[in-house]
A.B. asks: 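The structure's right below; bear with me while I get my questions together.
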Amino acid sequence: MADDPTVVTFDHVTVRYGADAALSDVSGAFAKGASGLLGPNGAGKSTLLKALLGFVRPNRGAMRVFDLDVTEKPLGIRGRLGYMPESDAHIPGMNAVSFVAYCGQLAGLPHSDAMQRAHEVLYYVGLREARYRNVETYSTGMRQRIKLAQALVHDPDLLFLDEPTNGMDPKGRAEMLRLIRDITQNKGIDLILSSHLLPDVESTCDRVVVLHRGAIVAEGPIQELKGATRQVFEIRIKGDVERFVAALEATGATCHKAEGDVMRVLLKDDCCARDLFSLAASQHVQVRHLRPSMPTLEDVFARAIGEE
Amino acid sequence: MPIHDQTYRRYTGERVAPGAAWSVIALTGVRELVRKKFFLAVMLFSWAQFVVRAVLLYLAANFPQMEVLAPTPAMFRDFFEQQGFFVFVATVYVGAGLIATDQRVHALQIYLSKPLTRAEYVAGKLAILLAVLLVVTWLPAMMLLVLQVVFAGNLTFLRENFFLVPAMTVFGFLYAATASLGMLALSSLSTSARYVAVLYAGALLFTDAIFGAVQGVTGSSGLSWVSFRANLAQVGDVVFRMPPRYDTPWLVSLVIVLGIMAVSLWVLARRVRAVEVVT
């Protein structure tokens, strides 16, 4: 296991809510380090995390975390996991120190150790003097931090973070992302970050799994998926856009809408800007704007889910 | 430069094996309760009857002219009966929010992401209410028995009525477990503690009212099985070796009490989940 590059594997997993399949025959793995879980609303991201936690039982398939079967050893797995849920969650009537220490005890830490680690972890996530306040008086940003603290208090080997920057102001969001980077790069904790905010995933994760309609549509290292060698352009044209896009895609390029009428075009490896102009001329459209760009995770995401 | 580095450190200490988390939930729950003044006031008042009966036992043991106050098994049965009001208040005050409040603030996904099972979570919550109700009923009853021996200076009464020890234990636990499980099941059905409290009180009063009305009209107590409290009273009479007070066979009452507990457990198994699945 020590040399195993994966922490989570799932094989032909299907999860149904009634007649609707939230995950259908999904297979894949999360490697050690920081992995992002991307997908539009309803793609099955949260369902996948909840199935890995044992909250929902798959109708079919097998899931393993730390090489332990999720259905057979859920407690062994959860003892080494930290989960930061998407929705607001706390224990009512407690101050932050009591709440986090309580979570530590629930995870198996002795009372004195749990209390000491609660103070340390609350310092680490930036709640410092606010740690003596009742959690119910906290702002949204502070609640995100305390959810991270309760997930960290028992020193997990793997963290599941579900939309960790939801509702945070720009400064708080930047601090949260810095914390997440520190956790994975300097503290030796692996993490899976589920988010709809592509920049969050791009700035914290090395790898990504893209889910769409309950199926994996892309996975791998972000740099590889972005295709750093491919040329990307932002382009605006005047003329028959649909015909131009069809002609572009026929050459193997992919394009999707950016802001306004600007499109982002990812050319094939052997193509360049000159080919774009040639194609525009052949399709009788005018190129009004052309700017070289860098491939982003948004391009990967758009390509994976088939967005225009 | 701080003397102690406050950054995150890996934990190298010992960990308790899974299976003890229910006691953490129970102890923390009780600790949170005893910090509340209203709860302490309820507990204090609930022991008033104990004080009065202790004085009566003292008088009966030390003053021959007070022989009329001599203890009987019926006195211990009555003690449980008269603690009913405090059992009700404690059940509503302590129990209504035990799961409902956790559901309101989505705490279940925090609990169940830790190494503990749903059964452990329910056991922890149940232990809180059970402990409180036993402090209101079983503990003072047992202490009264001990005081009787102390005041009388002999074991005569205890020897003649030794069945009281198992009787009070069985009935005390049955009473507390039925009320606790029923309340927890109701608490799991809602996110509002206030609504749960009203529902519980309504269920008790409504079933009592139906039974009372039918008894008033027909003059028979054969329909006592519809009342939660009447069933417990009927079983209590049998446990304390007294003639059952209603026409309903006591076995029917026992089956209904056990049925309430079984249904409560089924509701809890259905409702206590980290994810609410809507299909």
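Quick note on labels: first sequence line is chain A, next is B, and so on, each numbered from 1.
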A.B. asks: Tell me, for I189(A) versus chain B, whether the close heavy atoms (under 4.5 Å) come from the side chain, the backbone, both or neither.
C.D. replies: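 Backbone plus side chain of I189(A), per the 4.5 Å heavy-atom cut-off to chain B.
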A.B. asks: Keeping the roles fixed (side chain from R273(B), backbone from F55(A)), state whether a donor-acceptor pair exists under 3.5 Å.
C.D. replies: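 Here the side-chain-to-backbone pair does not exist.
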A.B. asks: Heavy-atom pairs under 4.5 Å with chain A: which of Q109(B), R118(B), R104(B) has the most?
C.D. replies: Q109(B)
A.B. asks: Does any heavy atom of chain B fall under 4.5 Å from the side chain of K187(A), the backbone, both, or neither of them?
C.D. replies: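 When you check distances to chain B, atoms from both the backbone and side chain of K187(A) fall under 4.5 Å.
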A.B. asks: Non-hydrogen atoms of chain B under 4.5 Å away: do they reach the side chain of P156(A), the backbone, both or neither?
C.D. replies: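 Both parts, backbone and side chain.
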A.B. asks: For a side-chain hydrogen bond (donor to acceptor under 3.5 Å, both in side chains) check, start with the C-alpha distance between Y8(B) and N186(A), then their side-chain angles and the critical distance, and finish with the verdict.
C.D. replies: CA-CA 10 Å; Y8(B) 184 87; N186(A) 302 324; over 6 Å; no
A.B. asks: Of all of V24(B), L108(B), T101(B), which one pairs up most often with chain A through heavy atoms under 4.5 Å apart?
C.D. replies: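 The answer is V24(B).
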A.B. asks: Go through the steps for L81(A) and S113(B) under the test side chain to side chain contact (heavy atoms under 4.5 Å, CB included), then give the verdict.
C.D. replies: CA-CA 8 Å; L81(A) 261 183; S113(B) 67; over 6 Å; no
A.B. asks: Taking the side chain as every heavy atom from C-beta outward, state whether I91(A) and Y111(B) have any atom pair closer than 4.5 Å.
C.D. replies: yes
A.B. asks: Please indicate whether R57(A) has more than 12 foreign heavy atoms, meaning atoms of other residues, nucleotides or ligands, lying under 6.0 Å from its CZ.
C.D. replies: no
A.B. asks: Which atoms of D157(A) come close to chain B, meaning under 4.5 Å heavy atom to heavy atom: side chain ones, backbone ones, both, or neither?
C.D. replies: both
A.B. asks: Hey, what do you get for CD1 (I110(B)) to NE2 (H90(A)), rounding to the nearest 0.5 Å?
C.D. replies: 9.5 Å
A.B. asks: Sort out for me which of V125(A), L152(A), L53(A) touches chain B most, counting heavy-atom pairs under 4.5 Å.
C.D. replies: L152(A)
A.B. asks: Heavy atoms only: give me the nearest A107(A)-P115(B) pair and the separation to one decimal.
C.D. replies: CA-CD, 3.6 Å
A.B. asks: Heavy-atom count check: over 12 atoms from other residues, nucleotides or ligands less than 6.0 Å from F50(B) CZ?
C.D. replies: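 Buried by this count: over 12 neighbours within 6.0 Å.
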A.B. asks: Identify the heavy atoms of L112(B) and R78(A) that sit nearest to each other, and give their distance.
C.D. replies: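 Here L112(B) and R78(A) meet closest at O-NE, 2.9 Å.
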A.B. asks: With a 4.5 angstrom heavy-atom cut-off, which part of I25(B) approaches chain A: side chain, backbone, both or neither?
C.D. replies: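 Both backbone and side chain of I25(B) come within 4.5 Å of chain A.
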A.B. asks: Examine the side chains of K114(B) and Q105(A) and answer whether a donor and an acceptor come within less than 3.5 Å of each other.
C.D. replies: no
A.B. asks: Take atom CZ of R181(A) as the centre, draw a 6.0 Å sphere, and report whether it contains more than 12 heavy atoms from other residues, nucleotides or ligands.
C.D. replies: yes
A.B. asks: Under a 4.5 Å cut-off applied to non-hydrogen side-chain atoms, are L75(A) and L116(B) in contact?
C.D. replies: no
A.B. asks: Among H111(A), R128(A), H154(A), E136(A), which residue forms the greatest number of heavy-atom pairs with chain B at distances under 4.5 Å?
C.D. replies: H154(A)
A.B. asks: Against chain B, label M84(A) side chain, backbone, both or neither, depending on which of its atoms sit under 4.5 Å from a heavy atom there.
C.D. replies: neither
A.B. asks: Does any heavy atom of chain A fall under 4.5 Å from the side chain of T117(B), the backbone, both, or neither of them?
C.D. replies: both
A.B. asks: R15(B) side chain to P110(A) main-chain N or O, any donor-acceptor pair under 3.5 Å?
C.D. replies: no
A.B. asks: Among all residues two or more places apart in sequence or in another chain, which pass the ring pair (Phe, Tyr, Trp, His ring centres under 6.0 Å) test with Y11(B)?
C.D. replies: none
A.B. asks: Kindly say whether S87(A) contributes a backbone atom to a donor-acceptor pair with the side chain of H106(B) at under 3.5 angstrom?
C.D. replies: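 No, the answer is negative, given that no donor and acceptor are paired below the 3.5 Å cut-off.
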A.B. asks: Would one find more than 12 heavy atoms of other residues, nucleotides or ligands at under 6.0 Å from atom CZ of R270(B)?
C.D. replies: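 Incorrect, the count does not exceed 12.
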A.B. asks: Could you note down all residue pairs passing side-chain hydrogen bond (donor to acceptor under 3.5 Å, both in side chains) where residues 29-43 of chain B supplies at least one of them, sequence neighbours left out?
C.D. replies: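 Listed once each, the pairs are E32(B)-R35(B).
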A.B. asks: CG of L106(A) to OH of Y121(B): how many Å apart, nearest 0.5 Å?
C.D. replies: 10.5 Å
